[in-house]
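Here is the structure we will look at.
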Amino acid sequence: MNPAHSIHDAAFVLIDGLICEAAYTRVPDEYTEPDDVVLEATHGDMEFAFTRADFDGAEQTGEGQYRLATGRELRFFSTATVH
């Protein structure tokens, strides 16, 4: 599995242990350039943005969990549906 599958349905992302709301997600495709933003997340007044290039070479360390080449740890979560 690659990060694109995890980004697709993410409502929240854990960034280096800090739970953030996924404010914007874009699943990379053949038209996505390295400097295109694929993930924006917020935690209060803090904002995070990641480009497609940030995910190049990401190592999967668990289900929906990745270590970027920069060393940042990200884990994606979707919202639960209760029936």
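Residue indices begin at 1 and follow the sequence shown.
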query = Does the pair Gln65 and Glu73 meet the rule for a side-chain contact (heavy atoms from CB on, under 4.5 Å), with working shown?
reply = CA-CA 7 Å; Gln65 186 171 339; Glu73 301 265 346; 4.0 Å; yes
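Judged as a salt bridge (charged side-chain N to carboxylate O under 4.0 Å, His left out), the pairs with a partner in residues 51-61 (not counting sequence neighbours) are, in order, Arg52-Asp56, Glu59-Arg67. Applying the side chain to side chain donor-acceptor pair (under 3.5 Å) test to every pair with at least one member in residues 9-25, sequence neighbours left out, gives these pairs: Asp16-Arg72. Pairs passing the salt bridge (charged side-chain N to carboxylate O under 4.0 Å, His left out) check and including a residue from residues 36-48, sequence neighbours excluded, read Arg26-Asp36.
Note that CD1 of Ile15 is 9.5 Å distant from CG of Leu68, once rounded to the nearest 0.5 Å.
A donor and an acceptor atom, one from each side chain of Ser6 and Tyr66, are located under 3.5 Å apart.
The other members of the hydrophobic cluster of Phe77, by chain and number, are Phe12, Leu14, Ile19 (side-chain heavy atoms under 4.5 Å, ILVMFWY only).
Counting all heavy atoms, side chain and backbone alike, Ala22 lies closest to Leu39 at CB-CD1, 4.3 Å.
For the side-chain contact (heavy atoms from CB on, under 4.5 Å) test, residues two or more places apart in sequence or in another chain that qualify with Ala10 are Phe76. By the side-chain hydrogen bond (donor to acceptor under 3.5 Å, both in side chains) test, Thr42 pairs with no residue at all, sequence neighbours left out.
The residue from Leu74, Leu18, Val13 that alone fulfils the side chain to side chain contact (heavy atoms under 4.5 Å, CB included) condition with Phe48 is Leu18.
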